Amino acid sequence: MVETSLQLLATALALGSAYALTALGFVLIINAVGAVNFAHGDLVMAGGFAAVALAILLPEGVPLPGFVVLPGVLLVMAIAGLALAGVAYVPLRRAPPVSVFISTIAVGLILQHAIALGAGPQPRVGPALVGGGMVELLGAALSYQQLATIAVAGVLCAAVHILLHRTRFGRRLRAAAQDPEMARACGIDLRITVGATFALAGALAGGAGLLLSHQYFVTPTDGATFMLKAYIAVVVGGWGRIWGAALAALFIAVFEVLVAAAVSYLVAEALLYLGVLALLMLRPQGLFGEAEGRRA
Amino acid sequence: MPLTFVRSLMTLGAAVAVLAGAVQPARAADPLAVSVLVPITGFLALEGTAQRNGALLALDNPPDGVTVTYDVADTATSPEVAVTALRRALDRQNPVAIAAPIFGTQMLAMAPIADRADVPLITVSGTAKLTELGHDVVFRFFPTDAVVKVAQARYAVEELGMEKPAILYQTTAYGQSGRAELVRVLAGLGVEPVLEEAIDPGIKDFVPALERVAAAGADGLLLQLHSGPTALAVRQAHERGFEGRIVAGSALHQPTTAALVEPAALAGVCAESASSPVSESSPELAAFAEAYRTRFEVEPDAFALAQYDGMNMVLAALADGARTGPEVKDWLAGHRYQGLAMEYVSDGTGNMAHDAIILCFDGRSRVPAVKKRYDNVNGIR
């Protein structure tokens, strides 16, 4: 019983930590520009394909291929995030938020179809972070891959926290997100902060895509699933709450896995969405409160 | 959900735009046109691309004396896009036959229109209802669940000795149709599944399901899942040390699915299919597989081969003098045709394929071997 619970918890945390990275990037853009980036799920998918593509370039037998390609994936996807800002946000920054809503959906679809045309529609398996194998903990066999996924996601989340709270640049990002007009009056260049936020969100999406691509494969149509998880996490965690969204993503994965194991997947999904509906009715600001009090 | 709605609208727009560019009027000098309307984008892109490839390989090599023109259009994932593609093809091309989507929902929307135009739809869609609605233009070249699920259940029970199987199936129409047929056949064999679990295609982890399978005391797994989920279930069952045998649906026969799993994890795993071009050694199938690889740079699967056979049967009709949609339809309904995968003949409702095979992996290679053939399962031939 304890072994099974531990194994399920490890599974849930591995999945949830990748979802947390996804939600983190998603909420950063909401805070930076006040609009929802509906291409974020497709950025996660693109990150998975970037990992697959970069792994192909590695010589045969390279140890820890996932770790080797991780910096490259983060860089490529940061550039992709920047490009997304240039195409889907900057030209529409003075338009109503719904325009960005539509433009990001369009970019997401273009990305999805472009990858399907370029890489083919079939699922792909990304590079492993570590080799196969299990470690035993309290009688439960936990895979190295799951533990590495949790560790990498934890390090990336910690890096974002340090960037946002321990650096001058991070403080500028937060200031621009909290009050753009005041930040501009203080001399902060909003073009730089918005661009940097999109790049950071893209990099986090890339990290999540890499982590998911080995354990769960990646297909060009995966974006919608990731997007839905991120959106629910933000609603549950509190609109605009960075760490609320990350924690909610973890909670969602744990809830889904444990209920699915106890009853069924369908019951788990039904209960999750019922819970979200109840939350919207009883506490619309989310579990951790709403950061900005405005929604796209 | 606004996201889904807007995405659908945009996909529709994008597909119509692609369509507008892709479809050209057939040359006036050549009245024999064929339309290829299949899902090249969206969640069935893998199967739709195989359909397209199989159709093109046949149409590019017509028999002597037959000349065809063809155009390809993407039907994406919605019935509206498929219907628009069909109407446009009928208006602009006047085709004598149409390679039609594997997606049953699209086929159900297209069939009445094709029926009115009297143009045959050549498909590999498995949706049972397609051939039960009285549209005499639908010709299905992939065996229905009533054929392949018989093979899957019988092999599991009669050959592998499963007594307490668990069924994992997708919540989609494909999954539910296959699950219903599996349960029916198992009941006929005196076996009742110990667990039936419906799984949404978006589910990323099978560990909870495998825990329930173990808790139910299952001695084997029957899968009715799409490509990625099939590979995921097989890999995670291996990682968790599941000791029972696995007999998967036709998704596992696809080389792109097997490529996701290490050969060791595939050891002893079997799958049903209509055919497996990469597993057969006949010179004709080897030539088909080689031509397919050369042209498309991927391995062929049973969907590609079934669509190839279907289009070749249409070409045989044209070679025999059929010149219009109704003539091709009548020819297909009234003739037998020896394809590469099997012999095809209509059961009177457009079901042309009646054979199934069971493939198993040996743990050393990702190419499965044919373990058992179930010919003429429904007694039509």
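As the structure is a prediction and not an experimental result, all values here were calculated from the model. Throughout, protein chains are lettered first and strands after them, A, B, ... in sequence-line order, and every chain is numbered starting at 1.
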Is there a side-chain contact between B/R52 and B/I40, using heavy atoms and a 4.5 Å cut-off?
yes

Please determine, among B/R240, B/Q254, B/E262, the option with the most heavy-atom pairs under 4.5 Å with chain A.
B/R240

Is the ring pair A/F101/A/F38 parallel, tilted or perpendicular, if the boundaries are 30 and 60 degrees?
perpendicular

Under 4.5 Å from any heavy atom of chain A, what part of B/A215 do you find: side chain, backbone, both or neither?
neither

Chain B contacts, top residue of A/A268, A/A262, A/A12, A/A261 (heavy-atom pairs, under 4.5 Å)
A/A261

For chain B, the option from A/M134, A/Q215, A/R124 that forms the most heavy-atom pairs under 4.5 Å
A/Q215

How about B/S279 and B/P368: do any of their side-chain heavy atoms sit closer than 4.5 Å?
yes

As a quick check of understanding, evaluate salt bridge (Lys or Arg N to Asp or Glu O under 4.0 Å) for B/E197 and B/R179, giving each step before the final call.
CA-CA 10 Å; B/E197 179 77 20; B/R179 172 251 164 203; over 6 Å; no

For the rings on B/H226 and B/Y174, is their centre-to-centre separation under 6.0 Å?
yes

Where on A/S264 is there a heavy atom nearer than 4.5 Å to chain B: the side chain, the backbone, both, or neither?
both

Does any backbone or side-chain atom of A/V218 lie under 4.5 Å from a heavy atom of chain B? Answer side chain, backbone, both or neither.
neither

Looking at side-chain heavy atoms only, is the closest gap between A/V234 and A/V36 below 4.5 Å?
no

Flag the one option from B/I203, B/I199, B/V261 with the top tally of heavy-atom pairs under 4.5 Å to chain A.
B/I203

What part of B/T171 gets closer than 4.5 Å to chain A, counting heavy atoms only: side chain, backbone, both or neither?
side chain

Answer with side chain, backbone, both or neither: which region of B/E47 has an atom nearer than 4.5 Å to a non-hydrogen atom of chain A?
neither

Given that the side chain runs from C-beta out, which part of B/L260 has a heavy atom under 4.5 Å from chain A: side chain, backbone, both or neither?
both

Could you tell me which portion of A/A116 (side chain, backbone, both or neither) has an atom closer than 4.5 angstrom to a non-hydrogen atom of chain B?
neither

Short side-chain to backbone donor-acceptor contact, B/Q106 and B/A76, under 3.5 Å:
yes

Heavy atoms only, distances under 4.5 angstrom: which of B/G42, B/G202, B/G48, B/A209 has the most pairs with chain A? Name it, please.
B/A209

With a 6.0 Å cut-off on the ring centroids, do B/F103 and B/F43 count as close?
yes

